[in-house]
**Student:** 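Provided herewith is a single structure, encoded as structure tokens, for subsequent inquiry.
Quantities reported herein were computed from a predicted structural model and do not represent experimental measurements. Residues take their numbers from the sequence shown, with the count starting at 1.
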Amino acid sequence: MGKIGLFDLERHFAFYGAYHRNPINVAIHMLFVWPIFFTVLLILYFTPSPFTLPRIEFSLFENNLVLVLNIGFLVTLIYAAIYVCLDVKAGSLAAFLCFICWVVSCCLGSQLGFSLAWKVVLVAQLVCWTGQFIGHGLFEKRAPALLDNLSQAFLMAPFFVLLEGLQSLFGYEPYPGFHAAVQAKIETEINGWQDQKQKLIS
């Protein structure tokens, strides 16, 4: 059954899908979206903790690693909670991946140190964002969704590329009829965009 507002998965996924119909652009986003999320968590590893909780320290392969319950952890919690609310099954997988990203980013951050980590983050962000803009410009022939809905582009994108992959590979649907409903909304959105574009030309 569909939800409303922030958790209206049909509406949000249709909006995303209307900007990602070209298979090459879709593949580019599947490749680059999660690394963007991961490297954001990596740089947030170096932010101070808003919690009065101890750091989690442990050794792995003779390396001392530190998990910090800081802003990166808070961001991970928010993303994970929203994804589970959007869809329990796929959202739980996305939430698990979010926490894996947080744990690995903490481990990597504790090894790299800030002086090297920010350079890694900068390069990764430049490469990933450039790749996505190329995907939209050369293949999709439409501006990225972030120009029309900034919050969705940053908050929903990791979950949507995962959901799109699950649909393509396994035919997964959050509930029966979801895919058909989303496709109908995508067609409506595309038609509206094309009509608006035609008006601007004429």
Side-chain angles (χ1 to χ4, degrees), residues 6-7 12-13 16 20 25-136 144-146 149-166 169:
L6 176 63
F7 304 114
H12 290 308
F13 194 48
Y16 177 85
H20 305 87
N25 188 41
V26 170
I28 288 173
H29 280 69
M30 287 184 174
L31 180 64
F32 288 139
V33 165
W34 277 93
I36 289 175
F37 176 75
F38 173 79
T39 51
V40 167
L41 293 181
L42 176 58
I43 202 65
L44 290 178
Y45 171 78
F46 301 98
T47 59
S49 175
F51 308 103
T52 57
L53 295 173
R55 303 193 306 176
I56 302 171
E57 301 186 26
F58 61 98
S59 296
L60 182 65
F61 302 117
E62 299 183 353
N63 292 315
N64 293 323
L65 305 175
V66 182
L67 301 181
V68 183
L69 303 178
N70 56 11
I71 296 176
F73 177 70
L74 181 60
V75 168
T76 301
L77 279 178
I78 293 171
Y79 272 64
I82 290 175
Y83 293 163
V84 172
C85 289
L86 285 169
D87 175 45
V88 174
K89 292 180 181 178
S92 295
L93 176 58
F96 175 73
L97 292 177
C98 286
F99 279 103
I100 290 295
C101 286
W102 173 69
V103 170
V104 176
S105 69
C106 286
C107 295
L108 185 59
S110 65
Q111 294 300 302
L112 293 180
F114 179 76
S115 60
L116 181 56
W118 77 265
K119 298 173 185 176
V120 172
V121 171
L122 178 61
V123 171
Q125 290 282 325
L126 288 174
V127 170
C128 291
W129 282 109
T130 299
Q132 290 186 91
F133 277 106
I134 289 174
H136 279 281
L146 65 87
N149 192 328
L150 191 62
S151 62
Q152 190 198 79
F154 285 100
L155 182 60
M156 303 292 189
F159 177 61
F160 286 165
V161 296
L162 175 63
L163 182 58
E164 198 159 32
L166 292 174
L169 295 175

**Student:** About how many Å separate OH of Y79 and CZ of F37, when rounded to the nearest 0.5 Å?
**Tutor:**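 Here the rounded value is 6.5 Å.
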
**Student:** So which atom in L41 and which in C98 form the shortest heavy-atom distance, rounded to 0.1 Å?
**Tutor:**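 Here L41 and C98 meet closest at CD1-O, 4.1 Å.
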
**Student:** Which atom pair, heavy atoms only, marks the closest approach of C101 to W34?
**Tutor:**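 Taking every non-hydrogen atom into account, SG-CE3, 3.9 Å.
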
**Student:** Rounded to the nearest 0.5 Å, what's the gap from OH on Y83 to CG on L162? Could you check?
**Tutor:**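 It is 9.5 Å, given to the nearest 0.5 Å.
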
**Student:** Taking all non-hydrogen atoms of both residues, which atom of G131 and which atom of I28 are closest, and how far apart?
**Tutor:**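 So the two residues come closest at O-CG2, 3.4 Å.
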
**Student:** What's the separation between atom CG in L116 and atom CD in Q111, rounded to the nearest 0.5 Å?
**Tutor:**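 If we round to the nearest 0.5 Å, L116:CG and Q111:CD are 11.5 Å apart.
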
**Student:** Determine whether a donor-acceptor pair (N or O, by modelled atom type, separation under 3.5 Å) exists between the side chain of T76 and the backbone of F99.
**Tutor:**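 Checking the backbone N and O of F99 against the side chain of T76, no donor-acceptor pair under 3.5 Å is found.
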
**Student:** How about W102 and V75: do any of their side-chain heavy atoms sit closer than 4.5 Å?
**Tutor:**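 No - every pair of side-chain heavy atoms lies 4.5 Å or more apart.
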
**Student:** Report the distance from atom CD of Q132 to atom NE2 of H20, rounding to the nearest 0.5 Å.
**Tutor:**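 Taking CD in Q132 and NE2 in H20, the distance rounds to 7.0 Å.
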
**Student:** Where is the tightest heavy-atom contact between P158 and L155, given as atom of each residue plus distance?
**Tutor:**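 The answer is CD-O, 3.8 Å.
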
**Student:** Check whether any side-chain heavy atom of Y45 lies under 4.5 Å from a side-chain heavy atom of F73, and answer yes or no.
**Tutor:**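 Result no, sub-4.5 Å side-chain heavy-atom pair not found.
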
**Student:** Can you name the closest pair of heavy atoms from L166 and A90 and give their distance?
**Tutor:**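 So the minimum-distance heavy-atom pair works out to CD1-CB, 3.9 Å.
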
**Student:** If you count heavy atoms of other groups shown closer than 6.0 angstrom to CZ of F96, is the number above 12?
**Tutor:**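 Counting other residues, nucleotides and ligands, CZ of F96 stays at 12 neighbours or fewer.
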
**Student:** How many angstroms lie between OG1 in T47 and CG in N70, if you round to the nearest 0.5 Å?
**Tutor:**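 One gets 4.0 Å once the value is rounded to the nearest 0.5 Å.
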
**Student:** Hey, mind stepping through F38 and L108 against side chain to side chain contact (heavy atoms under 4.5 Å, CB included) and telling me if it holds?
**Tutor:** CA-CA 11 Å; F38 173 79; L108 185 59; 4.0 Å; yes

**Student:** Would you say H12 and F160 make side-chain contact, with heavy atoms under 4.5 Å?
**Tutor:**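 Contact flag for H12/F160 side chains = yes.
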
**Student:** Is the side chain of W118 donor-acceptor paired with the backbone N or O of S115 at a distance under 3.5 Å, no angle test?
**Tutor:**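 Yes.
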
**Student:** Does any part of the side chain of V40, heavy atoms only, come nearer than 4.5 Å to the side chain of Q125, both counted from C-beta?
**Tutor:**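 Of all side-chain heavy-atom pairs linking V40 with Q125, at least one is under 4.5 Å.
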
**Student:** Distance check, rounded to the nearest 0.5 Å: T130 atom OG1 versus F32 atom CZ?
**Tutor:**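 Going from the OG1 atom of T130 to the CZ atom of F32 covers 9.0 Å.
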
